[in-house]
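Note sheet for the following structure.
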Amino acid sequence: MLENVLLMVFAMIGVSLMLNLWRLIVGPSVPDRILALDTMYINTIALIILYGIGMQTQIYFEAALLIAMLGFVSTVAVCKYLLRGDIIE
Amino acid sequence: MTEWLISALLILGGLFILIGSIGLVKMPDFFMRLHGPTKATTLGMALLLIAANVFFSVENGVINIKEILISIFLLITAPITGYMLIKSAIHHELKAKDGTKGMDNIEDD
Amino acid sequence: MELLYASCVGLLVACGIYLILRARTFPVVLGLTMLSYAVNLFLFSSGRLKINQAPVLGQSASYADPLPQALVLTAIVIGFAMTAFVVILAIRGRADLGNDHVDGQPRASRATKGSK
Amino acid sequence: MTLLWIPLLSLLGSLLASFTGKLSRNQSAAVTAIMPIICLALVISMAPQVLAGETLYASLPWIPELGVNLSFRLDGLSLLFCILILGIGLLIILYARYYLSANDSMPKLYAYLMLFMTAMLGIVTANNIIQMWFFWELTSVSSFLLISYWWYNPEARKGARMALAITGAGGLALLAGLVLLGQLVGSYELDVILQSGELVKSSEWYPLILVLVLLGAFTKSAQFPFHFWLPHAMAAPTPVSAYLHSATMVKAGIFLLARFYPALAGTELWFIIVGVTGLTTLLVGAYIALFKHDLKGLLAYSTISHLGLITLLLGLDTQLATVAAIFHIINHATFKASLFMATGIIDHETGTRDMRKLNGMWRYMPYTATLAMVAAASMAGVPLLNGFLSKEMFFAETLHQQMLGSMSWLIPVLATVAGALSVAYSARFIHDVFFNGEPKDLPKQPHEAPRYMRVPIEILVTLCVLVGLFPAFVVDPLLTVASHAVLGAEAPDYHLAIWHGFNLPLLMSAVAVAGGLFIYSQRKYLFQFQASLPSVSAKKAFDASIQRVVVWSREQILRIENGSLQRYVFILLLSTLVVAGLPLFEMHTLAGATGLSEIDAHNAIGAALLMIGALATLIWHRSRMIALILVSVVGLMTSVAFTRFSAPDLALTQLTVEVVTVMLLMLALFFLPQRTPKESSSLRILRDLGVSSAIGIVVGSICYALLTRPQESISQFFIGNAKTGGGGTNVVNVILVDFRGFDTLGEITVLGIAALGIYKLLLNLPLFMPASDSEGRPWARERHPLLLASISQSLLPLAIMVSVYIFLRGHNLPGGGFIAGLVTSIAFILQYMANGSNWIRARMDINYRKVIASGLAIATLSGIGSWLFGRNFLTSWFDYFDIPLVGKTELASAMIFDLGVYLTVVGATLMILASLGKLTAETPKEKVNL
Amino acid sequence: MRLQARYKWLPTPFRSILLFAVWLLLNNSVSAGHLILGAVLAIVIPLVIAPFRTAQPLILRPGLATKQLFIVLWDIITANVEVAFKILAPTKRLRPGFIKVPLDLEHELPITMLASTVSLTPGTVSAEVYPIPESLPKGEVPTQRFLLIHVLDLDDEQALIETIKRRYEAPLKEIFQC
Amino acid sequence: MQHLITLPVLLPLLAGIILLLPPCGKNLVLRRWVATFMALFTLVASTLLLTTILGSGPLVYAIGEWQPPFGIVLYADPLAVALCILTSFLSLVTIVYASRGDDKAGSFFHPLAHFLLMGVNGAFLTGDLFNLFVFFEVLLIASYALLMHKKDKHTTKAALHYVILNLVGSSIFLIALGVLYGVLGTLNMADMAVKVALLQGDDIYLAKIGGLLLLIVFALKAALLPLHLWLPATYGRAMPVIAAQFAIMTKVGVYAIMRVFTMIFGEQAGELSGIASTWLWPLALVTLVVGAVGVLAAEDLRRLSANLVIVSVGTLIAMVALNNEQATAVAIYYLIHSTIACAAMFLVADMIALQRGKVQDRLVNSRGVAQPKLLGFCFVFAAIALAGLPPLSGFVAKLWLLDASYGAQVAWVFWPIYLLASLATLVALSRAGTSLFWHDHPNQDEQFEDNVYAGKRRTWALVLILAVPLMMTVFAAPLSEMSNQAAAALHNSQVAIDTVFALAKEQ
Ligand code: NA
Ligand code: NA
């Protein structure tokens, strides 16, 4: 059963990612795109966690953890860019 | 039993994530789009991660809650992401949906 | 799957190269970045594609080829260093040359300068 | 081995001369003369043996691999030339002492002169043809220096350059010829070559060799059509001209013809080329000489003409002609040297060499005039003087050949014409300078030259007379051995005498003298006729042609190196496409033996995201910010691919690097335009799309071909030995810090250098800082958003904890120093973003340069440490320890190495960002530690 | 309110505990080795990065803090379900709006926690803290701060402000004793 | 002594590190001395290494004691070590030269010079193809940083081109590595040589692609036509003292071509043997021609020297393309000669530019230099060496080149092109010399600033580097013998394979 459930959830995440990408490409504003990218980061974490469950391995946990950390930092950086231009003042 | 639990958590988590992304696509203005990802997705992630915890605890026979770290992390950062995004949206003077109340509350940045 | 992977690599290479052939530093740098993704994926593929066989002992029954992974890791780091340098060089170019054309001046202004 | 000393001492002489700067002029000349005197003494001491028919040898090994040795010989021909070179050289040294003015540097002239003398001695005594070429080129170089002695005179510079270009070109041809000759014969030793005449002449390479060698000889001895450099070399000081153009430089070419006579001469080709060239040169030189108003110009063309005469003699198909050639070498050297020196005196004492101004010099310098007149008479071939003897032999030999077949009668006729012209210009030299009325506007009041300045001329003119009167007694022995050397044992019998009775040659002489005087008497009409011809300046033509070559070169280079990076990259890519694409077509099937695995949903989604991201980046690349966001998607998907295909370490690295890269790009974007203008023509876009998709297809195909092939690799070793040999279970990490730690050492060095380089780039960079964004919106006022500043403080310890975790587990599980370093750096970057670089600097006064260096030092020293245990560099060590409470713990030297990696990464990343931050910091003046 | 911790070697006790927990979580282990290492790191890391901390009030009511944590967690769950339905429902019915909540809190950390809580709970996202320092004359400290909040579906502005202040701000004041 | 082979790489690395750390970090005088002595030590170590291997044959050193083909090995044959000596010497000279003040034009000159040295020596000594890539990157990044030593907008433009082209080049290198590893499953060059011979079917073509891609990369580094376009601007615009150091970098490309295409794709490689030759030969000739045209076209001495570098590359590659031992031996001798001569010319150009003030080293008539005797002598010396005239090494090289190419089918086109290129060089150099040193006003009393004079250090550097062409003529015999030995070692890939795998058996 778990296998089917995984596939199902997987499909949901996949659809989510596609929706994110759609928003990312369509925009219309830059903040919209950043928001989409940030969501994409998080959805990717979901993807990796699912993959880990499917493969019964925790070896990709750190990747997920880092995406969480780094996604945040880069989103903040882009926002800072939009606000101030100079991200390190 | 645990399999049911895991499955339920997974499906719920997936659903929330999907809804978050639907919100991202569906909402009419940026400020409203922001709500989906910052909330629904965060919860969806938490559910998924709990599912993973349960799964690996069962799988390895020891209690495993390390995935919750990611959730903690997201809980800490998601509001700041939203804050930064909304700041830049205000800075870019993005149009809010017609009829949005309290626009006069926004000051120059 | 192999075909899909190869197509991705090919597409990345093509996009990267197209951008490298642009006349302004920023797209060129973007192109270089994309090309380095492609190249890393390519180098990685020289160990073939294995699913769930991470080369960490005790984690699975058989292991993916660890050597290309180590090589790609080195390549990523070196690529990072190089990209960093070229990015800063692009800034320097803008400051020194007054524009961001890779040749220091856009073609049109070069033509008028030549006719003087 | 005495022979070796001759060039060596001469070379020493050059050095010696260059150090005489502090001595008086007399002392300088005396010191310079020491070495040539010793050399001459040595030569004379060896002369009896040579005259007795012996050939002396001396040899030292030099480059045996190439068959090149320092190998010397002294035979008759060498002896003759040695005596000429040294003898006349000594006279020139004396003469130059008086010729040079106080402003001119004596040591410089003497040093160059002695260098030149060395080169000439080297040529004539060489027994190895490569060695000969060595000295041959040395004459080109040293004559260049001599001709340009008065370098502030543009004529001298141009003349020197022209001489070098022409003789240099000839030298290269000669080298080619000599190498061919050597390869053909199997040796570069002259002895062997001279004995292989038959082999050479019958070879299919013979024509080529001959032409190449003759090119060398003809350019050097100013044969038509390469003669034009010589008159322009007259810009040199007169002693130099006297030396170079009488006995030495130009005679080197003649010497070469004579030297290779046994190996190359005797064929029809030889006679045609050498003979016709000589004849043409003889006539052309003599004709032009007549019209030169400059005394030295006259002598220059006369030299050309006489060299043509000698060449023609060497080209004539009789042995006696060859003897005559050698005889004329001697005679020409003596009379021409004296004439040059006399000209020098006239120039020196009157300030001009223009024959239109010089008139009636007889009255002012009767002594010099007498000497000059005797020498000029010798040049004209007046009986009782040496010039007459050889010229008569020449006339005689022109009658004895069939070179031009039925037209062969032309040769004596033309020879007579040339003789007449020679008489005419000699007559002009005498009459126009010493008589012909009063001088006009001379810059100086003329008077007789200093006593010792005349001595060299006296000696030479005496020789002219002595040879003319007692040829058999004075030169016969030398001439005989020299002829033997050229012709081999079968040199003909001849006897030198003034009187051979009334015969055809005598008639030719008479006709020549009469004709010459007639021509001179009718010079007015001739000059008018000449003036009506379009004047061709060799110098201008040469300069123009060189200039044309240079201009053409510049055009070509500008066309090729047009300074367009797009073109350069395009060429690189096209080359890549060609070499990588062609073999693809040779393959039978692209796919290998392994089948395809199926595509699952995971891969499909990842691939779709990656491809859409890439294409979207391409399409939106002109909106830079959007492109940057899209590239992040591609990067993210790349790391997802790494997780998918079992490479967790790679995924981690890719992720961290990706974030830092995007941040850097954003920093850069701040200083760059936000949009890329539309500049490419649609044709260019099509072209670029074409080449990039072609390369994409090729690379994709190669990738596909690889992926579908079974593989055998060395990787099993790593998997098998990671734990037992490297002490870790994360094989990738063990490869990085142990199996291939050397790569990693290089890699972090690259990172460190990049940081140093970036620091360099950004130091004192004047930056254009936009006050508003691309849409004209002023920047937000708030520098450090409150919530961000606050949360980033809380995240810092968390991130450090995570990086410690990643660092420590790296050896056994995905992670390691590099990733840990980047996580630490990113944590600090967040602080930079949230609080600004001034805030950071106030709290952390770390010198990143030192951090980088320490990291590198730790990594390197951890490798060198193994030397202490007698192990190779980077040999790892690990062991397990039982620590109370903690339990079994592994300690490995690789961890120390990884610590080095960590520090370098942190130092480098932060140095890069701090340098950038510093650019816009509010207090740029403040001294910053980096 | 207290800004300085009792022991110099433990400047931020709560944070150290968090770090210790994170270490154990990361390693998924409670072995002696990890307990020791975790403890050491939890003490050393805050000390090392102490310069990067600006003084903030410390948590003085840990019990209340824990209680508040669970309240917020519960709110997050309910809020999310609520938002999920709003997303799926037709968007026309939504009445978005911005509100400005006057703050009693003064220090950054509590304000941040409040803003985060607001962002994570019912239909609200914190947008800005007013006034921004750059809008004030140099050196002046703001007397009254406001939190700008975007509300997805705004019904009664005053009620919402009231709820936020009561349910989230008041406990924070209590926890930090400020 | 066992570790001697690592010293040419490790000493410069350590030097770079030491120079960044206290007390060197802030003390320029100390930095100069340390840099000089470390370069000297590297030179001595390399020389010792050469004497060792000339006696005992090639050496192999397994880094980390991981046996080949698994670990990285250093492989020292006479060619590699001779080039290490050359590079170390060049670094020594340039460091001494720069210590007069050029090192102050930007930061980190001395550490970067040593990192460059490390990269180049590493590239020469490594026996592992991926490690070669790493060292290429080390030397490239160091060269990027050095190129930007002096701030000037033309340099920036040249650097942009140079860096971007090389980044593309590095990508191609990685693709080549991927293909070769994917087909051969190994990275050790000796092992690759073994595996290449065993390839069958379509794998051969894949390996061929890998090999030819490497050729592109190396040709780009070597500035072989049509990939030379970056060179004139880069070398012409870099500070001359840095251009002098760069003189070795094109040779790294040439070396890599020699190494890879005689060892991996050597005679043992069956169908793949000599895959490069067909491409190399015509390209070498075209390079020679274009280089010579560039020499004639040059408007300043640095450009001229840069084009001379191209000429030398064309000549070298022609020899490499002949693909026989004798030609390789010439190539080795010529490589050393041309590197030194070009580097010397860059230094001379620098002094001239410095002393002529505004016109710099442009080939126009202008004021004289402050030290006409010294510079004139140096120029003539360098020019004679470059033009291949006696009595300097260029003459030996020229002779040997002709000698070695005699009998090759292609000699009939190589000889004329080569000789004409020599003539162009001669003409251009004589024009350059006459316009730089000789002008119409001999006795102008000009005032020169104190810092334009050569001073002790620069004079020493010039003397040191100019002594080499002379020494190379005097000691032509031992040098040619060494070149022959080096060429023999290079061509006999079986020896290399055996040496490398003997180590594997030992362990
Ligand atoms: Na007259
Ligand atoms: Na900044």
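Chain letters run A, B, ... following the sequence lines, proteins first and then strands; every chain starts at 1. Just so it is clear, the values below take in all heavy atoms, side chains as well, and ignore hydrogens, waters and symmetry mates.
For D:Val569, the parts lying under 4.5 angstrom from a heavy atom of chain F are both the backbone and the side chain. Neither the backbone nor the side chain of F:Leu19 has a heavy atom closer than 4.5 Å to any heavy atom of chain D. With a threshold of 4.5 angstrom between heavy atoms, D:Gln556 approaches chain F through side-chain atoms but not through N, CA, C or O. Using a 4.5 Å cut-off between heavy atoms, D:Arg709 touches chain F through its side chain atoms alone. Of the two parts of D:Leu573, only the side chain, counted from C-beta on, holds a non-hydrogen atom closer than 4.5 Å to a non-hydrogen atom of chain F. In this structure, chain F has heavy atoms under 4.5 Å from both the backbone and the side chain of D:Ile560. With a threshold of 4.5 angstrom between heavy atoms, D:Val578 approaches chain F through side-chain atoms but not through N, CA, C or O. Residue contact with chain F, scored on non-hydrogen atoms closer than 4.5 Å, involves the backbone and the side chain of D:Thr576 alike. Contacts between D:Val698 and chain F at a heavy-atom distance below 4.5 Å are absent for every atom of the residue. For D:Leu180, the parts sitting under 4.5 Å from any heavy atom of chain F are the backbone and the side chain alike. For D:Glu712, the part lying near chain F is the backbone, with the side chain staying farther off; criterion is any non-hydrogen pair under 4.5 Å. For a residue to count as touching a neighbouring chain, one of its non-hydrogen atoms must lie under 4.5 Å from one of that chain's; by this rule D:Leu208 does not touch chain F.
Of the listed residues (D:Phe135, D:Trp136, D:Trp133), just one forms a ring-ring contact (aromatic ring centres under 6.0 Å, His included) with F:Phe395, and that residue is D:Trp133.
Between D:Phe742 and F:Phe135, the distance from one ring center to the other falls under 6.0 angstrom.
Side chains of D:Arg161 and F:Thr434: a donor-acceptor N/O pair is present below 3.5 angstrom, by distance only.
You'll find the side chain of D:Ile864 reaches within 4.5 Å of the side chain of F:Leu14, heavy atoms only.
Looking at residues two or more places apart in sequence or on another chain, you find no salt bridge (charged side-chain N to carboxylate O under 4.0 Å, His left out) involving D:Glu555. In this structure, D:Arg567 has no salt bridge (charged side-chain N to carboxylate O under 4.0 Å, His left out) partners at least two apart in sequence or on a different chain.
At a threshold of 4.0 Å, the pair D:Glu137-F:Lys398 does not count as salt-bridged, since none of the basic side-chain nitrogens sits closer than that to a carboxylate oxygen.
Taking CZ from D:Phe144 and CD1 from F:Ile384, the interatomic distance works out to 9.5 Å, rounded to the nearest 0.5 Å. Distance check: D:Leu756 CG to F:Phe115 CZ gives 6.5 Å after rounding to the nearest 0.5 Å. One distance of note links CG of D:Asn872 with CG of F:Leu74; it measures 9.0 Å at 0.5 Å rounding. Between the CD1 atom in D:Ile753 and the CG atom in F:Leu146 there is a gap of 9.0 Å [rounded to 0.5 Å].
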